Amino acid sequence: MKPRNHSIEVSATYEDLSERAAAAIFEVMRSAPRGLYCLAAGDTPRRAYRLLARRVLDEGLNVSEMRFVGLDEWIGLDGHDRGSCRALLNELLFGPLGIRMDRIAFFDAKSADLPGECRKIDEWIADWGPIDLVVLGIGMNGHLGFNEPGTRAETLSHAMDLEEVTQSVGTKYFDSGTAPAGGLTIGLGQIMGAKRALLMASGEGKAGIVRRAFSSDSFPEIPASILLRHPRFSLLLDAAAATGV
Ligand code: PGA
């Protein structure tokens with residue numbers, strides 16, 4: 001990985017990684033209180049978001065002028081569905097921080113008009129962007145959001161058929177034991193247009209894909225590898241996820 005505008009930080013444990021990530025997000029929020037923020041759902045950032053919310057409240061950071069945009073959503077779900085991306089962010093951040101609904105743009109992936117949902121998100125990013133900070137995880141196939149392998153670099157918001165591995169890993173979020181076969185996601189062009197990108201990965205299960213994504217440029221087979229071309233990218237790992245980089 002190119003060291004120049006990039007950083008890799010390896011924390012000993014998931015708890016340490018979460019503290020580092022929460023601190024990094026907090027610092028950007030403090031410096032850009034009217035910024036636009038795009039925050040991934042998923043299991044990895046859960047603890048960081050709890051710590052972030054606590055710190056924002058403890059330190060009285062004014063978040064009322066910030067705007068938020070959803071990274072992705074499972075097709076067929078909205079914020080009322082357990083396991084949806086929106087439900088996670090509602091629970092961990094939007095609810096605890098009292099973010100007003102008119103400050104949030106999120107895919108309603110239950111809509112009959114999915115192209116319209118994508119247009120809504122594209123317009124929000126065009127109106128209020130660029131994104132000040134995008135917080136990302138990495139899928140087992142290297143996806144960013146639901147940008148699966150092969151996605152073109154310049155994409156805006158779009159619907160994706162999800163690979164088998166994304167669906168099978170995704171069952172962990174749902175009591176039903178199955179995950180939707182499609183997703184809506186902001187595009188790689190919008191992720192790359194963010195002023196800063198931060199990616200968190202935790203656990204030995206992620207070590208292989210982290211190595212493949214970040215030891216050399218493997219885009220577009222490994223979508224996350226595109227972040228090696230991002231001007232300001234931080235990779236935050238715990239020791240278990242970092243064995244290959
Ligand atoms: P996870 O998901 O944080 O639950 O591992 C990451 C992703 O699929 O992007």
Side-chain angles (χ1 to χ4, degrees), residues 11 13-15 17-18 20-22 25 38-52 69-75 77 81-89 91-93 107 109 133-151 155 157-158 160-175 177-188 190-192 194 197-214 218-227 230 233-242:
S11 302
T13 65
Y14 175 69
E15 183 67 16
L17 164 69
S18 302
R20 275 299 304 136
I25 300 166
C38 182
L39 306 172
D43 283 340
T44 308
R46 291 186 81 96
R47 179 71 181 146
Y49 292 163
R50 281 200 197 284
L51 295 169
L52 174 66
V69 61
L71 176 69
D72 56 5
E73 188 57 278
W74 301 92
I75 290 178
L77 305 188
D81 295 301
R82 260 173 71 90
S84 69
C85 300
R86 176 66 188 261
L88 181 138
L89 287 164
E91 177 201 338
L92 297 179
L93 284 177
F107 294 110
L133 174 67
V134 58
V135 175
L136 298 158
I138 184 169
M140 292 303 288
N141 60 359
H143 70 205
L144 285 183
F146 280 137
N147 291 284
E148 296 279 59
T151 304
T155 44
S157 301
H158 59 107
M160 274 262 47
D161 293 333
L162 300 177
E163 288 193 345
E164 187 55 43
V165 62
T166 298
Q167 291 178 55
S168 62
V169 171
T171 59
K172 68 179 175 168
Y173 306 121
F174 301 105
D175 297 337
T178 59
L184 298 181
T185 184
I186 74 164
L188 293 177
Q190 291 155 319
I191 290 172
M192 292 299 282
L198 183 159
L199 186 143
M200 301 176 68
S202 166
E204 62 185 334
K206 291 282 173 74
I209 192 65
V210 164
R211 182 182 63 248
R212 289 174 64 210
F214 301 119
S218 307
F219 184 81
E221 291 77 21
I222 312 237
S225 206
I226 199 172
L227 292 169
H230 192 282
F233 168 47
S234 300
L235 179 59
L236 268 53
L237 306 172
D238 64 11

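In each ligand, atom 1 is the first atom listed, and ligand 1 is the first ligand listed. Note that this is a predicted model, so its numbers are computed, not measured. Any value given below was found using the heavy atoms of this structure, including those in side chains, with hydrogens, waters and symmetry copies removed.
Looking only at side-chain heavy atoms (C-beta outward), I191 and N147 come within less than 4.5 Å of each other. Using a 4.5 Å heavy-atom threshold, the side chains of D238 and T13 count as separate. Counting only heavy atoms from C-beta outward, the side chains of I226 and M192 approach each other to under 4.5 Å. Residues V135 and Y49 form a side-chain contact, since some pair of their non-hydrogen atoms from C-beta on lies under 4.5 Å apart. Between I186 and F107 there is a side-chain heavy-atom pair separated by less than 4.5 Å.
Of the candidates R82, R86, R50, R50 is the only one forming a side chain to side chain donor-acceptor pair (under 3.5 Å) with E91.
For a heavy-atom separation below 4.0 Å, the residues in contact with ligand 1 are G42, D43, T44, G137, I138, G139, H143, K172, Y173, K206.
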